[in-house]
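Structure first, commentary second.
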Amino acid sequence: MKILTADQIKKCDSATIENGISSINLMEKAANACVDWIQVNFKQAKRFLIFCGQGNNGGDGLAIARLLYEKGFDVEVFIEKNQMKFSADAEINFKRLKLIKGIDINNFSDVLIVNNEKSVIVDALFGYGLNRELSNDFKNLIEKLNQIPVPKISIDIPTGLYADKINEEESAIFKADFTLTFQFYKRSFLHPETGKFCGKIEVLDIDLNSKFIDEVKTDYFVIDGSLIRKIYKPREDFSNKGSFGKSILIGGSYGKIGAVLMSTLSALRTGSGLTFTMAPECGNLILQSQVPEAMFIGVGEKYVDDIEVQEKAVYGIGPGLGKEKQTQKALFDFLKSYQNPMILDADALNILAESQNLNLIPKNSVITPHPLEFERLFGKTQNSFDRIELAKEKAEELQIFIVLKDHHTAVITPERKVYYNITGNSGMAKGGSGDVLTGILTSLISQKYDIEKACLFGVWLHGKAGDLAAAEFSEESMLPTDLINKIGEVFQNLS
Ligand SMILES: NC(=O)C1=CN([C@@H]2O[C@H](COP(=O)(O)OP(=O)(O)OC[C@H]3O[C@@H](n4cnc5c(N)ncnc54)[C@H](O)[C@@H]3O)[C@@H](O)[C@H]2O)[C@@H](O)CC1
Ligand SMILES: [K+]
């Protein structure tokens, strides 16, 4: 799914209106989509307190108020009565609303303490039209609303957030439990500093102009299920273990054998034909007994001191590797002698960061840093938006894929495209999750998935398996090994 800027969404709305539907009817459609969702998900609610601005986001709110009232809910509307300058469509909806006797129209300043547990606050103050910091009056209102302990729904965007950039420090932002957004994810939903205000995101289809959406140019995408269905290649009949590639996972050191073990198991569970673990001898017994399907290649006693080059294999290097001098030398010797794309993770990245010898990374390789590893490799940035921009520069310069791990992991391609992943949960924020991802990516690439597609599929699969593990064990209790055991269920649901 494409992600558009506020400016592009505005153009998309206009293209939709030019092609038939009037803007007031488009607003009605948007409001109906929200009300349909609310009716299903807030059946028990009694009273909706709807806060409306004066632009089209406020217009949505006024229409939602009318439609919810018609469905039998109690509705109170809050507006800025002293200074009414509605947009044309908001004005029409305000007039329609005033005809209904049963809806109280209050001033923002009339908001009282609401402690009715069946009340819901709806934020329709500003949407993607926000283009400057909020005035103090709005900031105070939002801070007051954020304190009220009832469920909160934002229409299109939590008020105070921009669609496509980070906020000024100390902005007041409405803290939603649910954001009902029209047609597209907004970039701000996907970054940690801003996304935490959105709660659960529901994308509502309002049939915006598909020709415009197909043609509009963007560098930003969300990885959704329909994209994955296009990428997924079911296994062919009449195949053998040689048809599904050879994965070699390199890592482990004394005390950190579990990391490479988890990568190995993940590679197997993702379908790798032949799977090898290249690790120090101290891991041999553990690996052979825990993962008998994998073959063991001993390199060193307590840490990796050599990397063997094998034909037609895909290498995933780093989990539990450590940074011993000998290990560093082994990694550099390997990188100097081997030019095929590989996956580099964890200590392999830390070793490269310390040497700053990043040109040794073979073209089309995949690196999988978390934000701190990214910073060690490429330097500090002010915030996660800037980090993505730097990642685009570096992916192009080094001609590599950067899988930037975060709550919403982003895949950044050498062509500077950015794909945000929306599967996964905070139960995956545990040591070992990254090792699992390395195994999955190595396995997919060894099975001849195109590298970009392998990255998109890999991060999605990882998150999806994590969601299944969380559903069974809870986010607190789920382990990376539970996630590995759910990979199969994700494949079953795909085929
Ligand atoms: N026909 C359409 O274009 C549709 C628009 N929709 C809704 O319309 C919204 C966008 O509406 P608008 O473009 O009217 O914008 P908003 O309703 O987000 O904002 C209203 C106006 O406030 C002004 N403003 C910006 N920042 C401000 C600030 N800090 N303080 C005070 N005023 C400020 C701007 O001039 C802006 O246009 C969407 O988020 C969505 O909710 C939906 O109804 C779908 C259809
Ligand atoms: K809003």
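Order of listing sets the numbers, starting from 1, for every ligand and every atom in it. On a predicted model such as this, the values are computed, not experimentally measured, just so you know. Heavy atoms only: backbone and side chains are in, while hydrogens, waters and symmetry mates are out.
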Got a salt bridge between [X] and [Y], using NZ or NE/NH1/NH2 to carboxylate O under 4.0 Å?
X	Y	value
E472	K486	yes
D7	K11	yes
K2	D214	no
K417	E452	yes

Between [X] and [Y], do the side chains contain an N or O donor and an N or O acceptor separated by less than 3.5 Å?
X	Y	answer
E193	S384	yes
S14	E18	no
T438	D345	yes
E76	N106	yes
N421	T423	yes

Q.
For a side-chain contact (heavy atoms from CB on, under 4.5 Å) check, start with the C-alpha distance between I17 and L26, then their side-chain angles and the critical distance, and finish with the verdict.
A. CA-CA 8 Å; I17 291 160; L26 184 58; 4.1 Å; yes
Is ligand 1 under 4.0 Å from a heavy atom in the side chain of [X], in the backbone, in both, or in neither?
X	value
L26	side chain
D13	side chain
E133	backbone
F138	neither

Angle at the K ion (ligand 2): provide the value between O of I157 and O of I155, rounding to 10 degrees.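 Output for this angle: 80°, rounded to tens.
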Which residue and atom name correspond to the protein heavy atom nearest [atom], and how close is it?
atom	result
atom 20 (C) of ligand 1	G55 CA, 3.6 Å
atom 24 (N) of ligand 1	R132 NH1, 3.7 Å
atom 15 (O) of ligand 1	G129 CA, 3.3 Å
atom 13 (O) of ligand 1	K10 NZ, 3.9 Å
atom 35 (O) of ligand 1	N131 ND2, 4.4 Å
atom 39 (O) of ligand 1	D156 OD2, 2.6 Å
atom 7 (C) of ligand 1	D60 OD2, 3.2 Å
atom 8 (O) of ligand 1	N56 CB, 3.0 Å

Distance check below 3.4 Å: does [X] bring an N, O or S atom to the K ion (ligand 2)?
X	result
T159	yes
F126	yes
D156	no

Q. Is the distance between the ring centroids of F138 and F126 under 6.0 Å?
A. yes
Heavy-atom side-chain proximity of E354 to R376 below 4.5 angstrom = no
Can you confirm, on distance only, whether ligand 1 has an N/O atom lying under 3.5 Å from any N/O atom belonging to [X]?
X	result
D89	no
G127	yes
F126	no
S135	no
S23	no

Honestly, is [X] close enough over [Y], meaning NZ or CZ under 6.0 Å from the six-membered ring centre and within 45° of the axis?
X	Y	result
K186	Y128	no
R187	F385	no
K165	Y162	yes

Would you say [X] touches ligand 1, if touching means a heavy atom closer than 4.0 Å?
X	value
I157	no
I155	no
I17	yes

Atoms of ligand 1 under 4.0 Å from any heavy atom of L134, numbered from 1 in the order shown, are 29 (N)
